[in-house]
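Notes follow once the structure below has been shown.
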Amino acid sequence: MSRTPDARLREVVAAFVRHMHAFAREVKLTEEEFELGVDFLNRIGQSTHDAHNEGVLFSDAIGFSTLVCLLNNGQNGATETASALLGPFWRMHSPATENGGSIVRSETPGPALFANCRITDPDGNPLPDVEVDIWQASPVGLYENQDPGQADMNLRGKFRTDAEGRIWFRSVKPAGYPVPTDGPVGDLLRAQLRHPYRPAHLHFLCYKPGYKTLITQVFVDDDQHLESDVVFGVTRHLIGDFQQGVGAAPVPGIDGPWFRLTYDFVMEAGEAKLPTPPIR
Ligand SMILES: [Fe+2]
């Protein structure tokens, strides 16, 4: 690497090679294990396509995505971070939706959810005109891109904060779901005797020029897998307050239980940039 002109590339790749060599020495890697490792890596690539990203899933399942998230947010672990991993299911160009609108775009089971969120700067000043991208799995356990039974872009929407920094929308209360286990990550989880479940959550991506893009998730507070999330995404800060509604729902035509989520986000000054979408 000594002749590599790019200083950062030199540093990163040199450290990567050094650690890979140290890893092989530490475990005295056999030739069979080396072949298995290369095959595993190849299968991660072969399992990846427009609607699925096994590489992101693998990074998530070994806690690497969360580590990188924590290293780059919350002042390198010095303060509690409001960020969480992006995950493999964010799509760009989710439909612009008015405040008060619904992201339920086809028949979807589960109790209605009415979410009210507010975005401020660290001093508590409301931030208007923040683009807030929201996506979640259907309570059947699948994102719309995994499920031909759901309309395109079901449970995805993009909102814009008003002058008070607020967005509000209707959805369904999310349920936990298993990450896809039909690829090499599934083989790994089975070998580890780990369950494949994520606790129920909503994903948020908040974007406003002049502010560091906030990518995060808000978790349902009574989920049984909060302490064993297969991708290590949960922090105490990210557990939402889901209150079961009493009496009539805020809109007519809703039978059965309904829930309210109130959650506030803080965006720090910084560079606004979007991640590369893991799927199309
Ligand atoms: Fe998710």
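Both ligands and their constituent atoms are indexed starting at 1 by order of listing.
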State whether the number of non-hydrogen atoms from other residues, nucleotides or ligands found under 6.0 Å of Q192 atom CD is greater than 12.
yes
Test item: D147 side-chain N/O and L142 main-chain N/O as donor-acceptor pair under 3.5 Å:
no
Metal environment of the Fe ion (ligand 1), protein N/O/S under 2.8 Å:
Y143 OH, Y177 OH, H201 NE2, H203 NE2
E54 and H52 side chains, donor-acceptor separation under 3.5 Å:
yes
Verify the neighbour count for atom CD of E98: are there more than 12 heavy atoms of other residues, nucleotides or ligands below 6.0 Å?
no
Distance in Å, R118 CZ paired with I167 CD1, rounded so as to fall on 0.5 Å steps:
12.5 Å
Cation-pi geometry met for R260 and W258 (6.0 Å, 45°):
no
